[in-house]
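Take a look at the structure set out below.
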Amino acid sequence: MTAPQIIENILQALVAGVLVGSLYGLMCVGLALIFGVMRVINFAHGDFMMLGMYAAYYIFTALGIHVLFGNGFGPYVAAVLAGPLLFVVGYGIHRALISQVTGTRTLGLDGEGHYAQLVLTLGIALILQNGALIAFGSMPVSIRTPLSISAWELGPFWGDFVSVFINKSRGIAALISGVVIAGIALVITHSRLGKALRASADNPVAATYMGIDVDRAHRVAFGLGVAITAVAGGLLATTYPFHPFVGLEYVIVMYAGVVLGGMGSIMGAFWGGMTIGLVQQMSTLVLPTQLQNTAIFVMFLLIVFLRPQGFFGRVVERT
Amino acid sequence: MLTIDRLDAAYSVLPVLKGVSIEVAAGQFVAIVGPNGAGKTTLFKTISGIVIPSAGRLVFDGQDLMSVPPSARAHLGIAHVPEGRQVFPSLTVMENLEMGAYTAAGRRAWRSNLDMILTLMPVLAERRHQPAGTLSGGQQQMLAIGRGLASAPKLLMLDEPSMGLAPAMADFIFERLIDIRRQTNLTILLVEQRVAEALETADYGYVLETGRVVLEGTNATLRADDRVRQAYLGM
Ligand SMILES: Nc1ncnc2c1ncn2[C@@H]1O[C@H](COP(=O)(O)OP(=O)(O)O)[C@@H](O)[C@H]1O
Ligand SMILES: [Mg+2]
């Protein structure tokens with residue numbers, strides 16, 4: 001390999017890493033709201049993402065979004081619309097089931113209700129997976145957009161030797177992801193709702209004294225977290241095929257990203273997911289593809305070992 | 001304003017409050033004193049709805065509190081400054097105060113209340129962008145009181161605001177309470193271990209022992225009472 005070729009490969013892997021990393025980042029932000037901020041363990045989060053993928057798929061095909069917005073942009077509109085839909089699903093499931101083991105109900109439970117959350121959400125995960133298998137079948141599907149076979153070219157640089165291609169489909173997905181993350185970060189840090197969510201997580205009893213309905217705060221956070229991850233799923237579905245068990249492949253990435261970023265930090269979770277995407281793609285330069293996930297976990301263990309509080313870990317302990 | 005009528009409360013089977021009756025009139029400063037474990041904190045938690053009473057009545061401003069969910073009680077005008085301060089550690093000082101002003105009344109009066117709080121306790125202004133978890137104990141207590149005031153309450157309940165503080169800091173907190181009382185004429189219900197100061201500042205006092213009111217009266221009556229003088233004032 002010549003030097004320009006090597007540089008081109010590195011740049012191409014970097015771009016691929018940023019593109020997929022921004023979607024991992026978005027997924028992680030969804031989980032960060034539930035696990036990082038509200039401290040609720042949700043093992044069904046990957047399966048909610050799977051629901052988001054199917055929601056985007058059916059919104060695109062069955063609801064006629066492809067007619068309205070065309071095959072080019074329709075998939076993105078569908079992915080974004082999966083958000084509000086899954087918000088309702090998440091909010092409803094929280095109200096019916098998960099509220100039994102979060103918020104003020106957990107005050108008397110062992111380990112802040114974490115054991116109960118673990119068992120309950122594992123059960124929900126199984127139901128969602130098998131329900132999806134019955135409803136949607138086991139055949140992998142994907143949302144096709146003609147944009148996924150065209151690319152923007154950056155360059156050529158260095159005379160005529162180096163140029164980098166950005167797949168249009170992934171580029172647009174990354175842009176949407178960036179906008180959603182910026183919006184949600186603003187809401188969490190600056191809005192009354194965001195502050196009430198953080199206060200409820202910090203100290204549910206004191207939050208109640210302030211007049212905050214802590215159980216409702218948990219419900220809203222859960223719905224929002226599910227919705228955000230569903231949008232990430234919908235965006236991912238425009239390039240990757242999916243099936244009812246796809247959640248299992250991503251739930252680990254999500255937890256790793258949230259822990260990497262430092263629990264409780266929304267932007268941290270984004271950078272955690274981004275790091276995983278980058279490591280995954282960069283590792284393809286030197287490792288066979290089958291070892292991509294190994295590379296992620298070696299890096300994960302290294303970072304957890306060297307910086308246990310994560311990139312953006314908070315110094316302050318909860319009371 | 002607040003009527004507590006023959007209230008019983010228990011943790012699972014352990015009875016803690018046994019027929020407690022307390023009356024707080026509008027504009028009054030009422031103190032509750034008593035030894036550790038008497039049930040003072042439990043009484044406050046019952047008023048806030050965190051502990052459910054097994055018998056008795058709680059009436060605030062003519063409204064039966066039992067039919068009001070815990071998170072709605074602050075909106076009626078009850079501010080609870082809890083034992084051990086319980087500030088929101090990861091929120092900044094300002095965000096803590098904003099959470100105090102979560103009630104509609106608090107939001108309406110936000111500007112003037114914030115002014116008053118920061119003038120009373122200027123250290124909060126200096127630390128406004130710092131996470132509350134990084135404050136000292138005394139500063140956290142000031143923040144907890146400020147957070148209570150920010151809700152523009154009708155009734156301010158304070159649970160041992162001097163607990164765990166160095167004597168000088170405890171004095172400072174007490175002086176601020178007297179300032180607040182003078183400036184706002186707020187109705188205050190205070191639980192304190194520093195009995196001498198509490199009875200001196202209050203209009204009326206109750207002595208709670210093992211879940212029962214054993215004595216009540218105006219501050220002059222209580223301070224003249226032999227049992228109070230011996231048990232609490234060390235005379
Ligand atoms: N969460 C709880 N669970 C069980 N018992 C409790 C709990 N909190 C307090 N108690 C018990 O209730 C009694 C009254 O406590 P508390 O209301 O905190 O008293 P005080 O505030 O007057 O010191 C004590 O015997 C205490 O051990
Ligand atoms: Mg107490």
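Below, chains carry the letters A, B, ... as their sequence lines are ordered, and counting in each starts from 1. This one's a predicted model, so the numbers in the text were calculated from it and none came from an experiment.
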Completion exercise
Between B:Gln86 and A:Asn203, the two heavy atoms sitting closest are OE1-ND2, 2.9 Å
Exercise for the section: Using a cut-off of 6.0 Å, state whether more than 12 heavy atoms not belonging to A:Arg95 lie near its atom CZ. Expected result: no
Problem - Side-chain donor or acceptor of A:Asp213 paired with backbone N/O of B:Ser71 under 3.5 Å - result: no
Exercise for the section: Decide yes or no for B:Phe88 and A:Met210: does some side-chain heavy atom of the first lie under 4.5 Å from some side-chain heavy atom of the second? Expected result: yes
Fill in the blank from the handout: Looking only at B:His75, B:Arg147, B:Met99, the option with the highest number of non-hydrogen pairs under 4.5 Å against chain A is B:Met99
Practice task
Could you tell me which portion of B:Arg107 (side chain, backbone, both or neither) has an atom closer than 4.5 angstrom to a non-hydrogen atom of chain A?
Solution key: side chain
Exercise for the section: To the nearest 0.5 Å, tell me how far B:Glu95 CD sits from A:Thr189 OG1. Expected result: 8.0 Å
Problem - Within 6.0 Å of CZ in A:Phe305, more than 12 heavy atoms from elsewhere - result: no
Completion exercise
Distance col, row A:Thr208:OG1 vs B:His80:NE2, nearest 0.5 angstrom, shows 11.5 Å
Handout entry: Neighbour count >12 (heavy atoms, 6.0 Å) for atom CZ, B:Arg176
Key = yes
Exercise for the section: Look at A:Arg192 together with B:Glu98 and state whether they make a salt bridge at an N to O cut-off of under 4.0 Å. Expected result: no
Practice task
Answer whether the closest heavy-atom distance between the side chains of B:Ile50 and A:Tyr209 falls below 4.5 Å.
Solution key: yes
